[in-house]
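Everything numeric here is computed off the predicted structure, so don't read it as measured data. Only heavy atoms go into these numbers, but all of them, side chains included; no hydrogens, no water, no symmetry mates.
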Amino acid sequence: RPELDQEANLDIREGRHPVVEAMLGRANFVPNDFRLDAGRRLCLLTGPNMAGKSTVLRQVAIICLLAQMGSMVPASAARLGLVDRLFSRVGASDNLAQGQSTFMVEMMETARILRQATRRSLVILDEIGRGTSTYDGVALAWAVVEDLAKRAGGELRTLFATHYHELSTLEDKLPNVKNYNIAVKKRGEDITFLRRIVRGPADDSYGIEVAKLAGLPGTVTRR
């Protein structure tokens with residue numbers, strides 16, 4: 001049974017994603033603690049594809065949504081500051097009928113968030129800037145993080161998942177930005193996804209290793 005209050009904090013203990021857990025089975029789902037408070041308003045989440053970054057973003061949003069509709073939540077405990085609006089920029093979609101590319105849709109949704117989010121809002125963003133060139137993408141993601149970290153007097157609650165490791169240096173530049181990553185274990189050429197949120201930036205994106213898991217030919221991954 002969640003607790004709701006007027007603070008701009010989130011404190012979730014052993015949070016879970018109810019749909020993913022139902023598909024995997026409870027024994028195979030790794031729950032995670034998650035907290036946003038006065039010293040960490042923007043969580044910068046790094047780690048490889050398939051590690052579970054998007055699951056963490058969605059489960060925090062789902063727990064807030066369930067709590068405010070009067071439901072029990074999938075966690076051992078949860079104390080949540082009330083949310084006025086939940087903003088989400090995840091996935092990849094286009095609008096070809098109106099001539100809008102995937103990247104244009106991504107930027108339009110991001111623009112709406114930057115215009116409308118308030119101190120009471122919760123924002124989840126997944127891989128901002130990936131639909132354009134590397135340098136443009138990094139620059140856009142960097143500027144969006146800076147804007148979100150300063151918005152609403154620095155109290156806007158944000159989860160920002162990214163593969164751009166360069167952004168991890170923002171923790172040293174902005175007082176309310178904190179780095180977290182989804183842990184993996186590497187043994188030789190193999191990686192194991194631990195599904196656990198840990199403090200600090202990821203040490204690698206492990207893109208080649210994930211490509212191997214997906215079945216790309218060895219000639220391609222070696223090259």
Side-chain angles (χ1 to χ4, degrees), residues 10 12 15-17 20 29-37 39-61 87-92 103 106 109-110 113-114 122-151 154 156-187 189-214 221:
L10 295 177
I12 298 169
R16 308 187 307 277
H17 190 303
V20 175
F29 189 93
V30 178
N32 272 293
D33 295 347
F34 185 80
R35 182 172 177 79
L36 293 177
D37 55 27
R40 46 191 163 186
R41 291 295 183 208
L42 191 149
C43 168
L44 202 56
L45 189 60
T46 53
N49 270 315
M50 303 296 295
K53 298 192 301 298
S54 296
T55 300
V56 170
L57 264 62
R58 288 169 168 83
Q59 76 187 37
V60 170
F87 291 98
S88 170
R89 159 84 286 276
V90 298
F103 182 63
E106 176 185 320
E109 291 180 355
T110 304
I113 292 169
L114 297 181
L122 175 64
V123 177
I124 61 172
L125 299 106
D126 199 358
E127 304 297 354
I128 290 294
R130 64 182 167 185
T132 185
S133 71
T134 301
Y135 292 125
D136 282 1
V138 170
L140 284 164
W142 186 293
V144 168
V145 170
E146 287 183 333
D147 187 276
L148 289 166
K150 297 172 183 174
R151 190 164 292 273
L156 177 60
R157 292 166 288 184
T158 305
L159 287 75
F160 193 104
T162 184
H163 282 299
Y164 295 137
H165 294 159
E166 296 89 343
L167 271 61
S168 63
T169 62
L170 286 169
E171 180 178 306
D172 300 326
K173 304 175 188 297
L174 299 167
N176 52 353
V177 173
K178 294 292 180 285
N179 288 309
Y180 290 86
N181 74 89
I182 308 293
V184 300
K185 181 179 288 186
K186 187 170 184 179
R187 291 177 178 165
E189 296 298 313
D190 298 324
I191 58 171
T192 302
F193 301 122
L194 301 181
R195 315 294 185 190
R196 179 71 64 190
I197 300 176
V198 296
R199 186 75 172 85
D203 62 349
D204 198 338
S205 63
Y206 298 100
I208 307 302
E209 287 79 5
V210 174
K212 290 177 183 176
L213 290 174
T221 55

**Request:** Please step through side-chain contact (heavy atoms from CB on, under 4.5 Å) for the pair Ile208 and Lys212, ending with a clear verdict.
**Result:** CA-CA 6 Å; Ile208 307 302; Lys212 290 177 183 176; 4.1 Å; yes

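The side-chain contact (heavy atoms from CB on, under 4.5 Å) test with Phe160 singles out one residue from Val144, Asp126, Leu45, and that residue is Val144. Just one of Val90, Leu42, Val145, Ile113 meets the side-chain contact (heavy atoms from CB on, under 4.5 Å) condition when paired with Leu125; it is Ile113.
Sequence neighbours left out, the pairs with a member in residues 39-52 that pass salt bridge (charged side-chain N to carboxylate O under 4.0 Å, His left out) are Asp37-Arg40.
In the model, Asn179 has no side-chain atom that pairs as donor or acceptor with a side-chain atom of Ser168 under 3.5 Å.
Rounding to the nearest 0.5 angstrom, the gap separating the NZ atom in Lys150 from the CG atom in Asn176 is 10.0 Å.
Nearest approach of Glu106 to Gly131, heavy atoms of both residues: OE1-N, 4.3 Å. In plain terms, the two heavy atoms of Cys43 and Leu36 that are nearest each other are CB-CD2, 4.1 Å. Among all heavy-atom pairs drawn from Glu127 and His163, the shortest one is OE2-CD2, 3.0 Å.
By the 4.5 Å heavy-atom criterion applied to side chains, Leu156 and Val123 are counted as neighbours. Proximity of Asp136 to Phe103: side-chain heavy atoms (C-beta onward) are nowhere separated by under 4.5 Å. With contacts defined as side-chain heavy-atom distances shorter than 4.5 Å, the pair Tyr180/Val56 does not qualify. At a threshold of 4.5 Å between non-hydrogen side-chain atoms, the residues Ile128 and Thr162 do not count as touching. Side-chain contact check for Leu140 versus Tyr164: every heavy-atom pair is 4.5 Å or farther apart. The shortest side-chain heavy-atom distance between Ile182 and Ile197 falls under the 4.5 Å cut-off.
In this structure Arg130 satisfies the side chain to side chain donor-acceptor pair (under 3.5 Å) test with no other residue, sequence neighbours excluded. In this structure, the side-chain contact (heavy atoms from CB on, under 4.5 Å) partners of Ala61, at least two apart in sequence or on a different chain, are Leu86, Ile124.
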